Structure formats: C-alpha cells, structure tokens
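Worksheet: one structure, shown below.
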Amino acid sequence: MNSTLFSALMLCCLTGYLLSGLLYLVEVFLNRKKVATVRRSLLFAAALLHLGGMIAYDRHAHSLFAGADGTALFFGWAMAVGLMIFERRPGRTMVGVFGVPVVFLISLYAFGC
C-alpha cells in the first residue's frame, strides 16, 4: 500500500475541490464570468488527482469497493466527472454551486476513513 502517494494526491484533490467550490460562489454570486475558465480547469485537475488517488488506493489488498471509504471515493469522483459533463452546456453553473461542496464532503469522508 502506497499510503503516502494516496495521501498526497487526495490532499491536493481536496484543495482543488475546495478552491473550485469557492470560485463557483464567486462566479455566481459576484457575477464574475472571468473565473469560469479557471474554475473549470481547477475542477478538471482535481478530478484527475482524484483518479490518481483511486489508482493509488490499496487498502490491505482489497478492491476499491470492499469498504465504505473506497465506495465513497469512487462515488465522489463519478459525481465530479458527471458534474463536468453536465456543465458543458451554458447556463448550468448553479448545479456546480451545490454539487462541488457535496463532492468535497464525500471525498473528505473517503480520505478520513
């Protein structure tokens, strides 16, 4: 088990989700449309780091879905990817305002177990 790599990837991922969630709030409530590109890039990078964390995840030689933490890890990543796909059309940023904090909390739960 490479827990050091998993921890580093998940800490960077959680930071990316947190910053992306804050940029969603700035974009929607302060009407700053220029942060949309940075927010999208940050969310994409956080999802890639999350994927790397899932690959590095190996809890006692069990599969990813053997426990609640692995299942939550996958569910958080799938939700982030689904959110990015759903937001491809313009005018759907309000979903991200509520979705990214949920992804952050799910990932935080999975990392904390």
Side-chain angles (χ1 to χ4, degrees):
M1 172 169 64
N2 197 350
S3 63
T4 307
L5 178 62
F6 173 73
S7 297
L9 287 171
M10 287 308 293
L11 282 174
C12 292
C13 165
L14 287 169
T15 304
Y17 285 145
L18 183 64
L19 292 174
S20 179
L22 292 174
L23 288 177
Y24 267 105
L25 293 173
V26 167
E27 180 184 357
V28 170
F29 292 115
L30 297 179
N31 203 14
R32 306 272 196 254
K33 300 297 180 190
K34 293 181 181 181
V35 300
T37 307
V38 176
R39 172 193 46 83
R40 272 189 224 108
S41 301
L42 195 57
L43 185 60
F44 182 74
L48 279 179
L49 289 168
H50 198 145
L51 179 64
M54 285 191 326
I55 292 171
Y57 179 85
D58 183 23
R59 236 358 106 92
H60 309 293
H62 291 125
S63 71
L64 184 65
F65 300 105
D69 52 344
T71 305
L73 190 67
F74 177 76
F75 181 69
W77 175 77
M79 191 171 171
V81 170
L83 186 65
M84 286 188 294
I85 291 170
F86 185 75
E87 277 194 348
R88 301 261 320 174
R89 299 185 105 185
R92 294 187 176 175
T93 55
M94 278 305 276
V95 175
V97 171
F98 300 105
V100 172
V102 172
V103 170
F104 173 77
L105 290 174
I106 291 171
S107 301
L108 185 65
Y109 167 76
F111 179 58
C113 281

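Along the sequence shown, residues are numbered consecutively beginning with 1. Atom set for the values below is all heavy atoms of this structure, side chains included, hydrogens, waters and symmetry mates excluded. Bear in mind the structure is a predicted one, so any value in this text is a computation, not a measurement.
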Is there a side-chain contact between [X] and [Y] (heavy atoms, below 4.5 Å)?
{"X": "L14", "Y": "L18", "answer": "no"}
{"X": "M10", "Y": "L73", "answer": "yes"}
{"X": "W77", "Y": "V103", "answer": "no"}

Of all the heavy-atom pairs spanning [X] and [Y], show the shortest one and how long it is.
{"X": "L9", "Y": "A56", "answer": "CD1-CB, 4.4 Å"}
{"X": "M84", "Y": "F44", "answer": "SD-CA, 3.7 Å"}
{"X": "F6", "Y": "G53", "answer": "CD1-O, 3.2 Å"}
{"X": "Y109", "Y": "A72", "answer": "CD2-CB, 3.7 Å"}
{"X": "Y24", "Y": "V97", "answer": "CD2-N, 3.9 Å"}
{"X": "L23", "Y": "V35", "answer": "O-CG2, 3.9 Å"}

Which of these, K34, R32, R39, sits in a side-chain hydrogen bond (donor to acceptor under 3.5 Å, both in side chains) with E27?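 By the side-chain hydrogen bond (donor to acceptor under 3.5 Å, both in side chains) criterion, E27 pairs with just one of K34, R32, R39: R39.
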| query | Taking atom CG of L19 and atom CZ of F104, what is their separation to the nearest 0.5 Å? | reply |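 Rounded to the nearest 0.5 Å, the CG-CZ separation comes out at 9.5 Å.
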Next item on the list: Give, for atom OH of Y17 and atom CG of L43, the distance between the pair rounded to the nearest 0.5 Å.
Entry: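 Rounded to the nearest 0.5 Å, the OH-CG separation comes out at 6.5 Å.
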- Message: I need the single residue from F75, F74, F111 that forms a side chain to side chain contact (heavy atoms under 4.5 Å, CB included) with I106. Which is it?
- Response: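 Result for side chain to side chain contact (heavy atoms under 4.5 Å, CB included) with I106: F75.
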Worked check of side-chain contact (heavy atoms from CB on, under 4.5 Å) between H50 and L48:
CA-CA 5 Å; H50 198 145; L48 279 179; over 6 Å; no
